[in-house]
Amino acid sequence: MKNNKVALVTGGTGGIGSAICERLYKDGFTLVANYRDFDKAMKWREEAKKWREDQLKMGIDVKIIEGDISDFKSAQRMITEIEAEIGTIQVLINNAGITRDTPLYKMSPDQWYDVINTNLNSVFICSRLVIEGMIAKGWGRIVSISSVNGQKGQFGQTNYATAKAGMVGFTKSLALETAKKGITVNTVSPGYIGTSMVMAIREDIRNKIIEQVPMGRLGKPSEIADAIGYLVSESASYITGSDISVNGGLYMSR
Ligand code: CAA
């Protein structure tokens with residue numbers, strides 16, 4: 001059954017993003033998926049349109065909107081447009097993320113800043129832009145997709161692990177600020193999920209990683225989406241400042 005709440009999923013047309021959109025749509029939210037026009041080429045726009053059509057064929061109606069969530073002005077334009085045309089965003093899923101894996105001794109400033117801007121500064125930007133609307137409504141949910149590698153570290157990921165660990169401190173602090181305002185703020189930390197991001201790891205390295213997963217397999221995007229579906233539901237209204245690990249046992253934190 002439809003509820004009257006708007007949910008924005010950043011990077012919503014990607015591997016995990018698509019599964020989150022599908023799950024939240026089925027749970028009754030009005031869904032908006034953000035994508036980024038990386039190089040101002042039509043390619044990304046065309047791909048996003050095609051993605052929307054494919055979702056519609058499966059009975060999932062997700063609006064798509066372009067915006068660079070690592071840039072305050074671009075994100076502000078996007079969020080203003082969503083709120084004017086569709087409604088106040090009451091669920092924000094900070095899902096957009098990239099990797100630029102390389103050992104620190106070879107890492108360029110661009111490889112550092114691209115990851116920190118897209119994966120971490122975007123969390124500040126999007127949360128900042130929706131928080132006042134959520135406070136005014138007296139109900140909100142923010143879930144940021146962190147990572148097992150923000151918890152345990154990973155060879156070649158000083159940039160990525162920093163961004164993913166940073167989200168956790170942000171989440172706990174914002175959870176304190178909003179605890180009395182009907183807003184919960186949490187993270188989900190996926191392990192290795194079968195998406196193009198993980199499939200881009202060199203095959204022999206990827207196979208070694210999978211061998212280390214106690215469940216012996218990659219996770220499914222739907223297994224992340226299910227945790228998010230729960231966190232944004234009324235059933236999870238007493239959970240804030242928490243992290244849920246969904247990693248097949250790869251790392252167990254308290
Ligand atoms: N631990 C220790 N040593 C390692 C290592 C590891 N995990 N991985 C590589 N090495 C060693 C190699 O054995 C090699 O040693 P020798 O020089 O003695 O032969 C050396 O490091 C290779 O160093 P290079 O500088 O040549 O590294 P590279 O440029 O060839 O490769 C890398 C570096 C691209 C980061 C590669 O190691 C890699 O792909 N690692 C996996 C990174 C990873 O897991 N990324 C996750 C992406 S998905 C994601 O991030 C989603 C999520 O949230 C989980």
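Atom set for the values below is all heavy atoms of this structure, side chains included, hydrogens, waters and symmetry mates excluded. For ligands, and for the atoms within them, numbers begin at 1 and follow the listed sequence.
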Of the choices [options], which has the non-hydrogen atom that lies closest to [atom]?
atom: atom 49 (C) of ligand 1; options: K208, Q154, K164, M197; result: M197
atom: atom 33 (C) of ligand 1; options: G156, G219, P103; result: P103
atom: atom 42 (C) of ligand 1; options: I16, D101, T99; result: D101
atom: atom 41 (C) of ligand 1; options: L218, I205, V198; result: I205
atom: atom 26 (O) of ligand 1; options: M199, Q157, K106, M107; result: K106

Inset, instruction - Check I209 against ligand 1 and report side chain, backbone, both or neither, counting heavy atoms closer than 4.0 Å. - result: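 Just the side chain.
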Identify the closest protein heavy atom to [atom]: which residue and atom is it, and at what distance?
atom: atom 4 (C) of ligand 1; result: F155 CE1, 3.3 Å
atom: atom 51 (C) of ligand 1; result: Y160 OH, 3.4 Å
atom: atom 25 (O) of ligand 1; result: Y105 OH, 2.8 Å

Inset, instruction - For residues Q90 and W139, report the shortest heavy-atom separation together with the two atoms involved. - result: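 That closest heavy-atom pairing would be NE2-O, 3.0 Å.
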Legend entry - Shortest non-hydrogen separation from T240 to T184 and the atoms involved: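 For T240 versus T184, the nearest heavy atoms are OG1-CA, 3.4 Å.
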Only heavy atoms of [X], strictly under 4.0 Å: list the atoms of ligand 1 that pass.
X: S147; answer: 52 (C), 53 (O), 54 (C)
X: G191; answer: 54 (C)
X: N149; answer: 54 (C)

Legend entry - Flag, side chain of N186 to backbone of D243, donor-acceptor distance under 3.5 Å: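 A pair under 3.5 Å: no.
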Inset, instruction - Please confirm whether the backbone N or O of Q111 pairs with a side-chain atom of S108, one donor and one acceptor, at under 3.5 Å? - result: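 Side chain of S108 to backbone of Q111, a donor-acceptor pair under 3.5 Å: yes, one is there.
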Salt bridge or not between [X] and [Y]? Use side-chain N to carboxylate O under 4.0 Å.
X: D37; Y: K43; result: no
X: E223; Y: R217; result: yes
X: K49; Y: E53; result: no
X: K50; Y: D54; result: yes

Inset, instruction - Take atom CD of E132 as the centre, draw a 6.0 Å sphere, and report whether it contains more than 12 heavy atoms from other residues, nucleotides or ligands. - result: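 It does not: E132 CD has 12 such atoms or fewer within range.
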Legend entry - Option from I228, T187, N94 for which side-chain contact (heavy atoms from CB on, under 4.5 Å) with I145 holds: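 Testing I145 for a side-chain contact (heavy atoms from CB on, under 4.5 Å) against I228, T187, N94 leaves exactly one candidate, I228.
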Legend entry - Inter-residue atom distance L92.CG - M134.CE, 0.5 Å rounding: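 If we round to the nearest 0.5 Å, L92:CG and M134:CE are 5.5 Å apart.
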Look at [atom] and say whether a protein heavy atom is found at less than 4.0 angstrom from it.
atom: atom 15 (O) of ligand 1; value: no
atom: atom 53 (O) of ligand 1; value: yes
atom: atom 11 (C) of ligand 1; value: yes
atom: atom 8 (N) of ligand 1; value: yes

Inset, instruction - Decide whether the shortest distance between a heavy atom of A200 and an atom of ligand 1 is less than 4.0 Å. - result: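 No, that is not the case, since the closest heavy atom of the residue is not under 4.0 Å from the ligand.
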